[in-house]
Amino acid sequence: MGHPAMDERETSLKGPHEPGGVKPAPAVTIVIFGATGDLTRRLLMPALINMMRAGMVDDRLDIIGIGIDEGDDAMLRERIGSFQAEKGGEGDIDKGAAWAKLAERIHYLRGDFTGDEVYEALATRLAAAATGNAAFYLATPSPFFGPIVEKLAQHGLTKETPDAFRRIAIEKPFGHDLASARALNAQILACVDESQVYRIDHFLGKETVQNIMAARFGNTIVESLWNNHFIDRVEITAAETVGIGTRGKFYDATGALRDMVPNHLFQLLAMVAMEAPNSFDAEAIRNEKGKMLAAVRRYSPEEAARNGVRGQFVAGTLNGEPVPAYTEVPDVAPDSRMETFVALKLMVDSWRWAGVPFYLRTGKVMTARDTEIVVTFKPVPFTQFGGVEEHQRPPANRMVIQVQPDEGLSMEIVIKRPGLTVDTVPVSLDFRYADRFDIATLTGYESLLYDLLVGDQTLFQRADGIEAGWAAVQPFLDLWAGEGAPEPYDPGSMGPPGAEELIRRDGHAWHVSAPMKK
């Protein structure tokens, strides 16, 4: 399948005066709680630089960073600027100019998130701002989410007027089980309206994830087959080669299930399995996603035991480098039973998906970094090619949506191999984003930040969706909190033997991804 020349690629982040470009977001003051943290430097600021360069923000944009570290405006600008320079941002003339322009708008406010003084000072600054619009971004550890929203409300900072909005973006993890997610939703929604809350899942900022809806609802040949009459099974994999690093304390209290499944993987699941919305307004889409997640079957303890596998990596090597066992990672308990891998078989009880299994898996220090959705269609009912035995039926068609890396989509079909005999062979029709669009510099946060500023909640989770996700995984959390230990698996593998058995007993095997042809 041919690809356009590289110099004909289109940028996927266009300025307001380019074809397909977007208008600048309204003037706003962005207040970042946790401004000195890693998330701000690695993702939020690079995204804002890209948005500045593309003309997606108003000239009156202002940024107030709040943190506990000693310092002033110059400290925060230097900390962010040095990181951009390390990543090569200053080497790009356009990005360097955009950073210089953005840096002038960055200010620092030191204070304790749980005290009143910082909110009093923030109120004074917002009152003097060029606009009454404000977006509060909570880039903090999750225990601060509820208290920060309460303090903002107590000081009148969340009150909206007809001429000014006040919005709150909240990072994950949103709760650590169903009860805590419900409690956090109740705490926040007692202070602000649901329309003001933007619960972020950064997977939804990825172009390929957003393209799932376009691929489904923009193509008759796809959506007409998108049901249990034609689809045999769906696999969703999020494999990571990285380990725990310095996050031992966080990870040993969280684990693979909480960290990835009710948020990232369930958002992919919702995109794949939702019904067509009656419009593409935010609430219509979130209604369908919420209904779909509510249809995920809630397992009994016995069903959870049959349909879930957890693993924990042992010492080994990955790409020639030594990897310590999970229990040897700093800040991890030496007798920890926390999982670093999870595989689940889920069922969706709806007319569209009745009988179709959804297999989900995610883990650390695995063979390759790979996030993909594999939709396997039912095989042809019988073989009609002369000389071909029934057990040699052509392989089933598959659609593979590659979320990361090498974002793209491929469709596997069957053709006849050239020759005098009828010999079928599978081939793949591939599309790679990088061959058509310039997305190399994007962080995935550009679309999320822009939507936050313009008030589009399509890519953000609603309270009912959050709680439905936790409800579906709660049986596994309860089961694994009891006796037993995770299965060991080697670094560089695709998880423990139990994960293979989970899908093998249904007569299937996990899809083995291969790099798309370049």
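Residues take their numbers from the sequence shown, with the count starting at 1. Here the structure is a predicted model, which is why all the values come from computation and not from measurement.
- Pro486 approaches Gly311 most closely through the heavy-atom pair CB-C, 3.6 Å.
- Taking the charged nitrogens against the carboxylate oxygens, Asp38 and Arg41 do have a contact shorter than 4.0 Å, which makes a salt bridge.
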Q. Run the side chain to side chain contact (heavy atoms under 4.5 Å, CB included) check on Phe250 and Asp259 step by step: do they pass?
A. CA-CA 10 Å; Phe250 163 80; Asp259 190 40; 4.0 Å; yes
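- Looking at Asp193, its side chain does come within 3.5 Å of a backbone N or O of Ser195 through a donor-acceptor pair.
- Salt bridge annotation for Asp406-Arg432: present, with a cationic side-chain nitrogen under 4.0 angstrom from a carboxylate oxygen.
- In this structure, the side chain of Thr367 engages the main chain of Gly492 through a donor-acceptor pair within 3.5 Å.
- Inspection of the Thr376 and Asp232 side chains reveals no N or O donor paired with an N or O acceptor under 3.5 Å.
- In summary, Asp331 and Arg247 do not engage in a salt bridge, as defined by a charged side-chain N under 4.0 Å from a carboxylate O.
- Within the 3.5 Å criterion, the main-chain N or O of His229 finds a donor-acceptor partner in the side chain of Asn227.
- The distance from the CD1 atom of Ile32 to the CG atom of Leu44 is 5.5 Å, given to the nearest 0.5 Å.
- Judged purely by atom type and a 3.5 angstrom limit, Arg233 has no side-chain atom pairing as donor or acceptor with the backbone of Phe358.
- No hydrogens or angles considered: a donor-acceptor pair under 3.5 Å links the side chains of Thr340 and Tyr489.
- Counting all heavy atoms, side chain and backbone alike, Met366 lies closest to Phe341 at CE-CE1, 3.6 Å.
- Distance alone, capped at 3.5 Å, places no donor-acceptor pair between the Glu407 side chain and the Gln404 backbone.
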Q: With side chain to side chain contact (heavy atoms under 4.5 Å, CB included) as the test, would you mind laying out the steps for Lys364 and Phe313 before giving the verdict?
A: CA-CA 8 Å; Lys364 296 287 189 181; Phe313 64 82; 4.1 Å; yes
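- With respect to Glu223 and Arg352, a salt bridge is recorded, a charged nitrogen being found less than 4.0 Å from a carboxylate O.
- Judged purely by distance below 3.5 Å, without hydrogens or angles, the side chains of Gln187 and Glu150 pair a donor atom with an acceptor atom.
- Between the side chains of Arg258 and Asn263, no donor-acceptor pair is found at a separation under 3.5 Å.
- For the pair Val414/Pro395, a side-chain contact is recorded, criterion being any heavy-atom separation below 4.5 Å from C-beta on.
- Trp470 and Ala181 make their closest contact through CD1-CB, 3.3 Å (heavy atoms, listed as atom of the first residue, atom of the second, distance).
- Taking the ring axis of Trp480 as reference, the NZ or CZ atom of Arg337 does not stay both within 45° of it and closer than 6.0 Å to the ring centre.
- Side chains of Gln474 and Asp478: a donor-acceptor N/O pair is present below 3.5 angstrom, by distance only.
- Side chain of Glu235 to main chain of Tyr359: no donor-acceptor pair is present (N/O by atom type, distance under 3.5 Å, no hydrogens or angles).
- A donor-acceptor pair under 3.5 Å links the side-chain atoms of Trp226 to the main chain of Val272, judged by distance alone.
- A cation-pi arrangement is absent between Arg199 and Phe460 under the rule of less than 6.0 angstrom and at most 45 degrees off the ring axis.
- In terms of modelled atom types and a separation under 3.5 Å, the side chain of Glu339 and the main chain of Ala256 share a donor-acceptor contact.
- Counted by atom type alone, Gln461 and Tyr198 present zero donor-acceptor pairs between their side chains at under 3.5 Å.
- With no hydrogens or angles considered, a side-chain donor-acceptor pair links Asp370 and Gln402 at under 3.5 Å.
- Donor-acceptor pairing under 3.5 Å is recorded for the side chains of Asn185 and Glu467.
- Here the closest non-hydrogen pair linking Val329 and Gly248 is CG1-CA, 4.5 Å.
- Between the side chains of Ser493 and Asp490, no donor-acceptor pair of N or O atoms lies under 3.5 Å.
- Minimum heavy-atom separation, Arg398 to Val374: CD-CG1, 3.6 Å.
- Thr40 places a side-chain N or O within 3.5 Å of a backbone atom of Gly34 that can act as its donor or acceptor partner.
- Nearest heavy-atom pair across Lys289 and Thr458 is NZ-O, 4.3 Å.
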**Q.** side chain to side chain contact (heavy atoms under 4.5 Å, CB included) between Ile212 and Ile373, intermediate numbers included
**A.** CA-CA 10 Å; Ile212 294 173; Ile373 301 165; 3.5 Å; yes
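- Aromatic ring centres of Phe33 and Phe144 lie farther apart than the 6.0 Å criterion allows.
- Using a 4.5 Å heavy-atom cutoff, the side chains of Pro262 and Phe174 are not in contact.
- Looking at heavy atoms from C-beta onward, Glu171 lies in side-chain contact with Leu39 at the 4.5 angstrom threshold.
- With contacts defined as side-chain heavy-atom distances shorter than 4.5 Å, the pair Gln457/Arg462 does not qualify.
- A salt bridge does not link Glu240 to Arg369: none of the charged nitrogens lies less than 4.0 Å from a carboxylate oxygen.
- Here the rule is side-chain contact (heavy atoms from CB on, under 4.5 Å) with Val261, and of Val342, Leu346, Ile236 only Val342 fits it.
- At least one donor-acceptor pair under 3.5 Å links the side chain of Arg216 to the backbone N or O of Met274.
- Heavy atoms of other residues, nucleotides or ligands lying less than 6.0 angstrom from CD1 of Ile221 number 12 at most.
- The line from CG of Asn397 to CE of Met399 is 10.0 Å long, rounded to the nearest 0.5 Å.
- Inspection of the Asn50 and Glu446 side chains reveals an N or O donor paired with an N or O acceptor under 3.5 Å.
- A distance of 8.0 Å separates CD1 of Ile466 from CG of Asp201, quoted to the nearest 0.5 Å.
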